[in-house]
Amino acid sequence: MMNEKVHKLLNQQINKEFYSAYLYLDFSNYFKARGLDGFANWYLIQAQEERDHAMLFYQYLQNENQAVALDAIAKPDKVFTCDMDVLKAGLEHEEYVTSLINDIYAEAYEVKDFRTMQFLDWFVKEQGEEETNANDLITKMELFGSDPKSLYMLNQELGTRVYSAPSLVL
Ligand code: MG
């Protein structure tokens, strides 16, 4: 039987990941309106990945014969005054998600729920990559964002990102 608190946190994470997808859709929409299709593409794919994360938590609970309760997804309500604001909000959000994953892991560790710890290992690594990607994007924007030609090329580069399904299979 799964520990009640671990169960609750895993169930909450479904909602947090769907919110992440919603947030990145909002970012994508911002860049689409700006005419930066490459940035819009990058965040659209980010949103697809977050939906996959949500489904992994959903599926894990089902596989473990644990109840799933879906909650309302919060409204992304950040107002951005410049492109860099969006990128920084992305990094901030990933750092927050990392703290959530760590919290679940700590709880699973506490009650010796080794199966959940093993499931979460993939997310621990994934969060490292998410933070790196968000940081890299900020660095590139700092370097090239103020020059229109360079921004055009960065936009082209981000437009080449393609979706691939998560490497974790349950
Ligand atoms: Mg995620």
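Values below: all heavy atoms of this structure, side chains included; hydrogens, waters and symmetry mates excluded.
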Legend entry - Contact summary for A67 and H7, nearest pair of heavy atoms: O-NE2, 2.7 Å

Inset, instruction - Would you give the length of the straight line joining atom CG of D26 to atom CG of D77, rounded to the nearest 0.5 angstrom? - result: 9.0 Å

Inset, instruction - Please confirm whether the backbone N or O of R161 pairs with a side-chain atom of N41, one donor and one acceptor, at under 3.5 Å? - result: yes

Legend entry - Verify same cluster id: L25, W42 (apolar side-chain graph, 4.5 Å): no

Inset, instruction - Identify whether Y163 and W122 are in the same connected component of the hydrophobic contact network (ILVMFWY, side-chain heavy atoms under 4.5 Å). - result: no

Inset, instruction - Evaluate the criterion side chain to side chain contact (heavy atoms under 4.5 Å, CB included) for residue pair Q13 and V97; output intermediate values, then yes/no. - result: CA-CA 9 Å; Q13 196 61 27; V97 174; 4.0 Å; yes

Legend entry - Close side-chain approach of H93 to S20, heavy-atom, < 4.5 Å: yes

Legend entry - side chain to side chain contact (heavy atoms under 4.5 Å, CB included) partner of F39, chosen from L154, L44, V86: L154

Inset, instruction - Kindly state whether the ring of Y60 and the ring of F57 have centres lying under 6.0 angstrom apart. - result: no

Inset, instruction - Could you grab the distance from atom CG of N133 to atom CD1 of I138, nearest 0.5 Å is fine? - result: 11.5 Å

Inset, instruction - Measure across S28 and A40 and return the closest heavy-atom pair with its distance rounded to 0.1 Å. - result: OG-O, 2.6 Å

Legend entry - Hydrophobic cluster identity match, F144 and L158, side-chain contacts under 4.5 Å: no

Inset, instruction - Report the C-alpha distance between Y30 and R34 in whole Å, list the side-chain angles of each, state the deciding distance to 0.1 Å, and finish with yes or no for side chain to side chain contact (heavy atoms under 4.5 Å, CB included). - result: CA-CA 6 Å; Y30 166 91; R34 278 271 291 127; 3.9 Å; yes

Legend entry - D113 side chain near N3 side chain, heavy-atom distance below 4.5 Å: no

Inset, instruction - Indicate yes or no: at least one non-hydrogen side-chain atom of L56 is less than 4.5 angstrom from one of E17. - result: no

Inset, instruction - Let me know which of E130, E126, Q127 forms a side chain to side chain donor-acceptor pair (under 3.5 Å) with T98. - result: Q127

Inset, instruction - Report yes or no: do Q62 and Y58 form a side-chain donor-acceptor pair below 3.5 Å? - result: yes

Legend entry - Single-linkage hydrophobic cluster M153~L36, side-chain heavy atoms < 4.5 angstrom: no

Inset, instruction - With the side chain counted from C-beta on, respond yes when Y43 and L137 share a heavy-atom pair under 4.5 Å apart, and no when they do not. - result: yes

Legend entry - Presence of salt bridge, K5 and E110, under 4.0 angstrom: no

Inset, instruction - Start with the C-alpha distance between F31 and D37, add both sets of side-chain angles, then the distance that settles side chain to side chain contact (heavy atoms under 4.5 Å, CB included), and finish with yes or no. - result: CA-CA 7 Å; F31 281 115; D37 281 18; over 6 Å; no

Inset, instruction - Could you tell me whether the side chains of H53 and E50 share a donor-acceptor contact shorter than 3.5 Å? - result: yes

Inset, instruction - Would you mind reporting whether L10 and T116 have side-chain heavy atoms less than 4.5 Å apart? - result: yes

Inset, instruction - Could you tell me which non-hydrogen atom of A134 sits nearest to which non-hydrogen atom of G90, and how far apart they are? - result: CB-C, 4.5 Å

Legend entry - E129 side chain reached by E94 side chain, heavy atoms, under 4.5 Å: no

Inset, instruction - Answer with yes or no after comparing the ring centroid distance for F27 and F80 against a 6.0 Å cut-off, counting only values under it. - result: yes

Inset, instruction - Please confirm whether the backbone N or O of A72 pairs with a side-chain atom of N15, one donor and one acceptor, at under 3.5 Å? - result: yes

Inset, instruction - Rounded to the nearest 0.5 Å, what's the gap from CG on D136 to CD on E131? Could you check? - result: 11.5 Å

Inset, instruction - Ignoring hydrogens and angles, state whether a donor on the side chain of Y22 or K75 is under 3.5 Å from an acceptor on the partner side chain. - result: no

Inset, instruction - Would you check, one step at a time, whether the test side chain to side chain contact (heavy atoms under 4.5 Å, CB included) holds for R115 with M2? - result: CA-CA 10 Å; R115 204 179 301 157; M2 188 181 277; over 6 Å; no

Legend entry - Atom pair NZ (K140) and CD (E142), whose distance is rounded to the nearest 0.5 Å: 13.0 Å

Inset, instruction - Please check if the side chain of N11 supplies one atom and the backbone of V68 the other of a donor-acceptor pair under 3.5 Å. - result: no

Legend entry - T160 vs Q156 side-chain heavy atoms within contact, under 4.5 Å: no

Legend entry - Shared hydrophobic cluster, L23 / L70 (ILVMFWY, side-chain heavy atoms < 4.5 Å): yes

Inset, instruction - Mark yes or no for whether E157, through its side chain, and N155, through its backbone, hold a donor-acceptor pair below 3.5 Å. - result: no

Inset, instruction - Indicate yes or no: at least one non-hydrogen side-chain atom of I45 is less than 4.5 angstrom from one of Q48. - result: yes

Inset, instruction - To the nearest 0.5 angstrom, please state how far the CD1 atom of I104 sits from the OG atom of S99. - result: 9.5 Å

Inset, instruction - Assess the side chains of Y105 and D121: does a donor N or O sit below 3.5 Å from an acceptor N or O? - result: yes

Legend entry - From M117 atom CE to E107 atom CD, the distance as rounded to the nearest 0.5 Å: 12.0 Å

